[in-house]
Asks: 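Below is one structure. I have some questions about it.
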Amino acid sequence: MSARSLALILSGLSLCVAAALCAGEPPPAKSADAGTVPEQHGIAVSGMRSHHVDLAMLILDGESGPSKSAKLLHAELKLRAEQFPKLLESMGKAFESAPDGGDAKAAEKAMDIMEERILAQFRKTLTAEQQARFEQLSCQLAGPMALRLNNYASRLELSNDQLDAIRDLVDAYCDKAAPHHRAGFVTRSENAERKLCALAQELDNKILGLLTEKQRAKWATFLGKRFDWTALTKT
């Protein structure tokens with residue numbers, strides 16, 4: 001895939017991401033997911049599990065120049081001009097090696113693999129500080145469902161039983177949320193978005209309930225300083 005082709009794909013997809021961020025403002029979530037984005041966590045655009053991919057697309061938005069949303073993220077990550085071609089190339093490599101989605105279940109697993117690959121590819125270009133902030137923003141956007149990924153599960157020292165249980169919860173969430181996700185994406189249904197937010201909040205609470213007190217405290221550190229997502233939605 002050429003850099004130009006990928007740029008065109010990212011430009012179109014990032015418009016969808018931005019539109020989703022701007023759509024609706026359901027009531028804030030409770031303290032269980034403090035530090036995340038209550039109106040968006042657990043609700044991704046490319047798929048219900050694509051938060052790192054979506055964030056990467058927003059960062060790389062704009063073939064002729066970065067969008068306003070992208071500029072905000074560039075400033076937050078302290079990105080340098082010479083890093084963008086390398087990040088675009090990294091994104092291309094992640095997509096080139098994307099596994100075949102197959103049926104719905106296989107597609108979900110394929111997206112999890114893509115999430116891990118984005119993390120690995122960006123790590124080759126970003127500084128340690130930039131990578132840490134990229135991961136914090138991704139965790140804010142995804143909420144505790146990010147813990148299904150090996151990158152975070154290993155850092156939190158989840159047991160095999162905990163990890164299996166979290167992945168089962170995320171799979172169950174995706175099954176229940178899929179029709180609402182399609183309705184919200186196609187028609188921008190406010191009712192669908194409210195149901196998605198309720199399901200995402202339920203998922204958050206169940207995942208956090210599986211963690212020990214020490215793990216819950218450590219999870220909070222994965223979020224870092226709360227990003228002003230409202231500034232992003234108003235661009």
Side-chain angles (χ1 to χ4, degrees), residues 17 20-21 23-55 104-105 108-109 111-112 115-116 119 135-185 189-230 232-233:
V17 179
L21 283 170
E25 294 186 5
K30 304 301 182 182
S31 58
D33 69 328
T36 66
V37 190
E39 68 273 19
Q40 293 298 330
H41 73 279
I43 305 172
V45 174
S46 297
M48 288 168 286
R49 315 162 83 105
S50 63
H51 303 91
H52 297 76
V53 172
D54 285 356
L55 184 59
K105 288 298 180 184
E108 290 177 355
K109 301 307 178 186
M111 180 53 71
D112 284 356
E115 291 281 273
E116 299 274 16
L119 284 164
E135 294 186 13
Q136 289 171 354
L137 295 179
S138 297
C139 285
Q140 288 182 31
L141 195 56
M145 71 185 298
L147 294 175
R148 77 191 186 282
L149 302 176
N150 293 327
N151 181 70
Y152 304 110
S154 60
R155 287 168 51 193
L156 204 63
E157 299 181 334
L158 295 177
S159 68
N160 290 334
D161 287 344
Q162 285 179 308
L163 184 55
D164 287 344
I166 288 172
R167 288 173 173 169
D168 287 344
L169 285 172
V170 173
D171 289 345
Y173 158 78
C174 288
D175 289 341
K176 291 187 289 184
H180 305 302
H181 183 271
R182 288 193 292 270
F185 182 70
S189 166
E190 291 185 6
N191 183 54
E193 288 170 7
R194 282 195 294 270
K195 290 181 178 178
L196 278 170
C197 288
L199 288 171
Q201 179 65 55
E202 179 185 15
L203 175 66
D204 284 358
N205 291 332
K206 287 181 177 179
I207 291 176
L208 292 175
L210 293 173
L211 306 182
T212 66
E213 183 176 348
K214 182 179 179 180
Q215 287 172 327
R216 284 193 294 272
K218 190 171 183 179
W219 158 251
T221 68
F222 288 9
L223 300 169
K225 180 181 178 182
R226 182 165 183 147
F227 178 65
D228 184 6
W229 296 93
T230 59
L232 200 68
T233 63

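Note that these values count all heavy atoms, side chains included, but never hydrogens, waters or copies made by symmetry. Fair warning: this is a prediction, and the values are worked out from it, not measured in the lab.
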Asks: Is there a side-chain contact between I207 and V170 in this structure, where contact means two heavy atoms from C-beta onward sitting under 4.5 Å apart?
Replies: yes
Asks: Do E108 and R49 sit within salt-bridge range, that is, some charged N less than 4.0 Å from a carboxylate O?
Replies: yes
Asks: Does the pair L169 and L210 meet the rule for a side-chain contact (heavy atoms from CB on, under 4.5 Å), with working shown?
Replies: CA-CA 11 Å; L169 285 172; L210 293 173; 3.6 Å; yes
Asks: Considering all heavy atoms of both residues, which atom of S138 and which atom of L55 are nearest to each other, and what is their separation?
Replies: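 Heavy atoms only, the tightest pair is OG-CD2, 3.4 Å.
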Asks: Can you sort out the partners of E135 under salt bridge (charged side-chain N to carboxylate O under 4.0 Å, His left out), two or more places apart, ordered by chain and number?
Replies: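 E135 satisfies salt bridge (charged side-chain N to carboxylate O under 4.0 Å, His left out) with R123, R155 only.
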Asks: Might you point out which heavy atoms bring H52 and L149 nearest each other, and give the distance in Å?
Replies: CE1-CD1, 3.6 Å
Asks: Of the non-hydrogen atoms in M48 and Y173, which two are nearest, and what is the gap between them?
Replies: CB-CE2, 4.4 Å
Asks: Could you measure the distance from the NZ atom of K206 to the CD1 atom of I166? Nearest 0.5 Å is fine.
Replies: 13.5 Å
Asks: Hey, does W229 have a side-chain heavy atom less than 4.5 Å from the side chain of L141?
Replies: yes
Asks: Within this structure, what is the CG-OH distance for the pair L163 and Y152, rounded to the nearest 0.5 Å?
Replies: 14.0 Å
Asks: Could you work out, with salt bridge (charged side-chain N to carboxylate O under 4.0 Å, His left out) as the rule, every residue matching K218, not counting sequence neighbours?
Replies: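 Not a single residue meets the salt bridge (charged side-chain N to carboxylate O under 4.0 Å, His left out) criterion with K218.
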Asks: Does L119 reach the side chain of E115, with side-chain heavy atoms less than 4.5 Å apart?
Replies: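 Result no, sub-4.5 Å side-chain heavy-atom pair not found.
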Asks: If you measure from CZ on F222 to CD on Q215, what distance do you get to the nearest 0.5 Å?
Replies: 9.5 Å
Asks: Using a strict 4.0 Å threshold on nitrogen-to-oxygen distance, state whether E202 and K176 make a salt bridge.
Replies: yes
Asks: With rounding to the nearest 0.5 angstrom, report the CG to NE2 distance, L137 to H51.
Replies: 13.0 Å
Asks: Does the side chain of Q162 come within less than 4.5 Å of L156's, by heavy atoms?
Replies: no
Asks: Please report the C-alpha distance between V53 and M111 in whole Å, then the side-chain angles of each, then the deciding distance to 0.1 Å, and finally whether the side-chain contact (heavy atoms from CB on, under 4.5 Å) criterion is met.
Replies: CA-CA 9 Å; V53 172; M111 180 53 71; 4.2 Å; yes
Asks: Quick one: CD on E116 to CZ on R148, what's the gap to the nearest 0.5 Å?
Replies: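 These two atoms lie 8.5 Å from each other.
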Asks: Return the CH2 to CG distance between W219 and L211, rounded to the nearest 0.5 Å.
Replies: 9.0 Å
